[in-house]
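Shown next, in structure tokens, is the structure this report addresses.
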Amino acid sequence: MNTILVGAQWGDEGKGKIIDVLTEQADIVVRTQGGNNAGHTVYLGPKKYVLHLIPSGILRPGKVCVIGNGVVIDPIGLVAEIDGLEKLGVAVSPDNLRLSETAHVVFPWHRELDAQREVRKGQGKIGTTKRGIGPTYGDKAARVGLRVIDLLNGARFPDRLRERLSENNEVLKALGAAPIDYDSLLRDYTTAANRLRPYVANTVLYLHESTRRGANILFEGAQGTFLDIDHGTYPYVTSSNTTSGGACTGSGVPPNRMDRVVGVMKAYTTRVGEGPLPSENAVISDLLHGLGREFGATTGRARRCGWFDAVVTRHACMVNGLDELAITNIDGLDTVTTIRVCIGYRLDDQILHHVPADIEVFSRCEAVYEEFPGWLTPTHTLSRWEDLPVNCRHYLLSIAQLTGARLTVASVGPAREQTLFV
Ligand code: IMP
């Protein structure tokens, strides 16, 4: 059984935890897009792990994790992540981690360009994670990127690096930023390359051979549907395909080898960075931030919060082909008397039931709500679906129905035990 898992909103849906739960039934877990802009938080007993590039399957003995061709890799960040896991007692070796030889590499000029472009955009900034993701995918599309296979080639890499750096240093100088030193860059990247060499593989062949052997593969999405470069709220998006199709192109496993698509969504809506969010609401934001929730795992930024938006999740259901839904962070709404759900957008004198493509039009949309009675009972201690308060079950089944897929998992807290199967 091959499963694609995606975020149905703007990222941070709690995918890390659901991936961890689904990993139990998987032999291989694959990341297929994005880079270390992602941050998956997983709690194991008292320990908290934040993973950026390595699939969270690494925490489970016997599972193989793959970083696929669609991912962009900061090699120094990846080495630091491997070292960090080992310090926490998690064994990482070529037996349980494989890195695609054709994944593109993030360089410091990508990060610097990311930061410079944001500064220049001023008010219109995207609010990126400044990890160089956009410029790295930009180089990939412009066919001037360097891949892992280039990084490992000691005969070729120094010249390719010099060539790319000299062009980018010109750009950095023109933008008033400091140029990057070649010698230290070559040294640092060569050191990282030597550390990563044993992990590098032809992951496309590996995944196909594993499929033939009957392995179960979980394709873990990073970010969320509305950060997708094609289907998201462009230009306030990331630079990869975060929707289910990205799992195929980012791994080399074709659509007819996929068995199901699971969408993860919060019981409310959050977004980090700029861009429209019609159901944004100060009361729910203050409530969640007051509980110490909704601060980003990668940048620590406070996330913007709002009511559940069923217009966006219905769109997510359509473009991802969602079969099943996992709803997370249900306990965040435990103290809310009346819960609102956005079911349409008011635009001048019309009511829209779809997400408008034009960002200026979307920015003018006002949410139209339906109200649901809250359950006003703590849910974080409950471990069975049947034990959830009636109003809570009604709310969850209603938002699943509005979205258009079958609810299979309800999550009432960060721990594995706080997962209820419907
Ligand atoms: P970038 O991916 O760093 O270029 O950022 C582009 C947009 O995607 C910004 O709004 C970021 O806040 C958002 N973003 C990127 N990665 C994540 C993530 O893992 N969770 C939530 N938002 C993200």
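All ligand and atom numbering here is 1-based and tracks the order in the structure. Reckoned from all heavy atoms, side chains included, excluding hydrogens, waters and symmetry mates. Throughout, numbering of the chain's residues begins at 1 and tracks the sequence.
Residue Val237 touches ligand 1 through its backbone alone, judged by heavy-atom distances below 4.0 Å. The backbone and the side chain of Thr128 each have at least one atom closer than 4.0 Å to an atom of ligand 1 (non-hydrogen atoms only).
Under a 3.5 Å cut-off, the side chain of His353 and the backbone N or O of Gly344 do not form any donor-acceptor pair. Counting only distance, with no hydrogens or angles, the side chain of Arg304 and the backbone of Gly275 share a donor-acceptor pair below 3.5 Å. Remark: the backbone N or O of Ala405 is not paired with any side-chain donor or acceptor of Asp323 at under 3.5 angstrom. Side-chain atoms of Gln418 come within 3.5 Å of backbone N or O of His380 as a donor-acceptor pair. Proximity of a side-chain donor or acceptor of Asp114 to a complementary backbone N or O of Gly132 within less than 3.5 Å is detected.
In terms of the ring-ring contact (aromatic ring centres under 6.0 Å, His included) criterion, residue partners of His315 (sequence neighbours excluded) are, by chain and number, Phe226.
What sits closest to atom 19 (O) of ligand 1 on the protein, heavy atoms only, is Ala38 CA, 3.3 Å. When hydrogens are left out, the protein atom nearest atom 23 (C) of ligand 1 is Leu227 CD1, 3.6 Å; that is the closest non-hydrogen contact. For atom 20 (N) of ligand 1, the nearest protein heavy atom (residue, atom name, distance) is Asp12 OD1, 3.1 Å.
Ligand 1 has no nitrogen or oxygen under 3.5 angstrom from a nitrogen or oxygen of Glu274. Polar contact with ligand 1: present for Asn37 (N/O pair, distance under 3.5 Å). The N/O atoms of Arg301, backbone and side chain alike, include one that comes under 3.5 Å of an N/O atom in ligand 1.
With Ile133, Thr238, Thr129 as candidates, the residue nearest to atom 3 (O) of ligand 1 on a non-hydrogen basis is Thr129. Among Gly127, Gly39, Gly273, Gly35, the residue whose heavy atom lies closest to atom 11 (C) of ligand 1 is Gly127.
Of all atoms in ligand 1, numbered sequentially from 1 with element shown, those under 4.0 Å from a heavy atom of Val272 are 10 (O), 12 (O), 21 (C), 22 (N). The atoms of ligand 1 that sit less than 4.0 Å from any heavy atom of Gln223 are 15 (C), 16 (N), 17 (C), 18 (C), 19 (O). Below 4.0 Å from some heavy atom of Trp10 lie the following atoms of ligand 1, by number and element: 21 (C), 22 (N).
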Before you tell me yes or no, could you show the steps for Cys342 and Phe308 under side chain to side chain contact (heavy atoms under 4.5 Å, CB included), namely the whole-Å CA-CA distance, both residues' side-chain angles and the distance that decides it to 0.1 Å?
CA-CA 6 Å; Cys342 169; Phe308 185 84; over 6 Å; no
N/O donor to acceptor pairs below 3.5 angstrom from side-chain atoms of residues 171-184, sequence neighbours left out:
| unit_1 | atom_1 | unit_2 | atom_2 | d |
| --- | --- | --- | --- | --- |
| Asp181 | OD2 | Ser184 | N | 3.1 |
| Asp181 | OD2 | Ser184 | OG | 2.9 |
| Tyr182 | OH | Pro158 | O | 2.9 |

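Atom CZ of Arg257 has 12 or fewer heavy atoms from other residues, nucleotides or ligands within 6.0 Å.
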